[in-house]
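Down below is the structure, laid out as structure tokens.
Proteins get letters first, then strands, A, B, ... in listed order; numbering begins at 1 in each. All values reported here derive from a predicted model rather than from experimental measurement.
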Number of protein chains: 2
Amino acid sequence: MSQGRPTLADVASAAGVSVSTASLAFSGAGPIATETRAKVHEAAQRLGYAGPNPLGRSLRSGRSGIVGVVIGDQLRRSFRDPVSVQVLDGLVSTLGPLGLGVLLIPALDPDRDPTESAELDPLLASAPMDVAVLIWGARREDATLEALQRRGVPVVIGEGPEIEGAAVVGIADQQGTADLARYLTGLGHTRIATVTLPLCHPRQTGIPTPDRLARLDWAPARHRLQGLADAGVEPTVIVEASASLVEDGRAAGHLVLDVPEPPTAVIAQSDLLAAGVLLAARELGLRVPEDVSVAGFDGLDLPWLSPDVLTTVAQPLSAKGEAIGHAVAQVLAGEVPPPVRLDVELRVGTTTGPPRT
Amino acid sequence: MSQGRPTLADVASAAGVSVSTASLAFSGAGPIATETRAKVHEAAQRLGYAGPNPLGRSLRSGRSGIVGVVIGDQLRRSFRDPVSVQVLDGLVSTLGPLGLGVLLIPALDPDRDPTESAELDPLLASAPMDVAVLIWGARREDATLEALQRRGVPVVIGEGPEIEGAAVVGIADQQGTADLARYLTGLGHTRIATVTLPLCHPRQTGIPTPDRLARLDWAPARHRLQGLADAGVEPTVIVEASASLVEDGRAAGHLVLDVPEPPTAVIAQSDLLAAGVLLAARELGLRVPEDVSVAGFDGLDLPWLSPDVLTTVAQPLSAKGEAIGHAVAQVLAGEVPPPVRLDVELRVGTTTGPPRT
DNA sequence: GACCGGCCTCGAAACGATTCGAGCGTTCCC
DNA sequence: GGGAACGCTCGAATCGTTTCGAGGCCGGTC
């Protein structure tokens, strides 16, 4: 068959061996004479055969070598956040050497009318993958998660709730936030506000209603709020940001600081939000940390804040990605990965100090 | 066969129809009675069958529905740059509705010793994909590109050289840079320096040697340098940054500005580099734009520069991603996409002004 | 000289789906 | 009333590979 690209059968017949032998020559599994292997490779070279077709291989082995990573509806929103990017980086660099590729999968739109199926079935339901990763903030009742379980795709969750049959890689964010809060109260702060990550679906910006607070089901926000409570801090005001972006932090910062009696410290649940609060403070003519202390969470490297250095709780982002990758490998090996919780570290910068008396 | 997950055959026999009919019930191609379809779906539901196995489907149809996107050795480096992210976002949102997924593929390490194959064959050589996308700065002699061509994978290139058999989506960056340069000379600047993107492999930081300048084979850097020449601007000094990051821009900025007779304007080939130059200027006590004008390229939204607004040449990032996605679709439809060149737009901000006399 | 192992190679059976042409029952038209 | 047209369903072939057990050849041993 000289039509189309050559197949293993073409190579085999060109080399004068059987298909199975040719397969062995490539896969390396099983005994094969050095000479035979050379003959096969030579024939492959001659025909321009670039190795076994992954499709055939996958079908036979039942493995695609693909790990699906679920991203938000908009890639932009997910990846504008350096946190996701660094975690993904750790993940990719762990998976790559294992021969596993990362497929980007848009999450199911939770608001979509299921009856109206304008789009052919979404990637989530039809893309090949051996394991799926929900990198960030899966919720307990999640159309995405459910669709994956229905397909029988094993799931690894980063920083999410503990869910039956899914491996979880988390961080000690509750404790880290508590440490941060104690540090601030230790400095003498009593009026502390907080800017949170999204609390629940759908995302909103502003001061959450009690109803929303009750529906709090996004793990990172929940843990970090809980950390405040652990340290005995009751925020004077809680403002929710709809995404972990500087713009949202700035808006939230105005809400928090542009009031008659502003707090003396603001704890933001992410560094980008904190950076936004910092901008807001600057715009309002407040000095940091003299008039207001600002702290974040993540431990990002933000050179453009220079000369300020943000006080923050640093989490090991790449390590989290690597831990997720490791869990993926375990799942593929048929093991059940134990839950992981990575340590975080309070890192004091120049944006926090004692309150003005 | 109740062992393992159910297959189409199981569903078919449970529904009392043939496999081919069951297939029709799912694919929707071909005539099928509504009642039959319902019967099949009901049986599928009962058995927990979540739709046709993509592996089998792919093998038969010869299509995986996967588009490989080649990223640099380190994901972090690629994605810390908002430019890549926005392009990727445009790409994903175009491809998603077409039922195509994006697989992240680490590029081949050009320095790797080919004899020593510690790693099993890289994803690039073995991952399933219908088309590959080199999103940014492919070079003419590129191990990655070559490996793809050898596999017979069609390639779409973003902002690269025109290469035989590969579709290209570019921008009018040469002209845009020329416009920017003319604007600055029009303001009266004569001593203009430039900070470039990487010029060639391997990446380096600092003032490039003539040898390096001669080997200039990275399209974006080449076009934008050429744009300066088109406008009759000969840079007083050229500094090369090894990546489009604020840190590198800052380092380059010090090299450019911390000299006895600094330029009155600096053109950086990306906004992040420009932001770094801005930081360097600030650190050196130079006022912008009074002491030095700074301009970038890309048109990113950089709220943290506030209250400054960067003068820049804006390129349509999402549109570029969409254009690439469109080209991918054309390739898959068997068409040969014509070369695309998107327009850019000079956007004057507050970081440029007339030089001090 | 016959038998027993090793080492390689081969043939055939999956893997799970799509697709094409044939077949069959019904309806409609002449 | 007979034949054609139509609508739906079915069998069988096919996609390209891996894997398993069988078998062939060779050298060594009793």
Donor-acceptor contacts under 3.5 Å from residues 126-134 of chain B side chains, at least two apart:
from: B:Ser126; atom 1: OG; to: B:Pro122; atom 2: O; distance (Å): 3.3
from: B:Asp130; atom 1: OD1; to: B:Ser64; atom 2: N; distance (Å): 2.9
from: B:Asp130; atom 1: OD1; to: B:Ser64; atom 2: OG; distance (Å): 3.0
from: B:Asp130; atom 1: OD2; to: B:Ser64; atom 2: N; distance (Å): 3.2
from: B:Asp130; atom 1: OD2; to: B:Gly65; atom 2: N; distance (Å): 2.7

Donor-acceptor list for residues 24-43 of chain B side chains, cut-off 3.5 Å, not counting sequence neighbours:
from: B:Ser27; atom 1: OG; to: B:Ser23; atom 2: O; distance (Å): 3.4
from: B:Ser27; atom 1: OG; to: B:Ala29; atom 2: N; distance (Å): 3.2
from: B:His41; atom 1: ND1; to: B:Arg37; atom 2: O; distance (Å): 3.3
from: B:Glu42; atom 1: OE1; to: B:Arg46; atom 2: NH2; distance (Å): 3.4
from: B:Glu42; atom 1: OE2; to: B:Arg46; atom 2: NE; distance (Å): 3.3

When all nucleic acid strands are considered with a 4.0 Å heavy-atom cut-off, which category describes A:Thr36: base, sugar-phosphate, or nothing? sugar-phosphate
Answer yes or no: is there a side-chain heavy-atom contact under 4.5 Å between A:Val331 and A:Val336? no
Could you give the CZ-to-P distance, from B:Arg63 to C:dG16, as a whole number of Å? 24 Å
At under 4.0 Å between heavy atoms, which parts of nucleotides 11-21 of chain D does protein reach? Answer with one letter per nucleotide, 5' to 3': B base, S sugar-phosphate only, - none. B-BBBBBBB--
Pick one: which of B:Ile135, B:Val83, B:Ile324 meets side chain to side chain contact (heavy atoms under 4.5 Å, CB included) with B:Leu88? B:Ile135
Where the side chain of B:Ser58 meets the backbone of B:Arg63, is there a donor-acceptor pair that is under 3.5 Å apart? yes
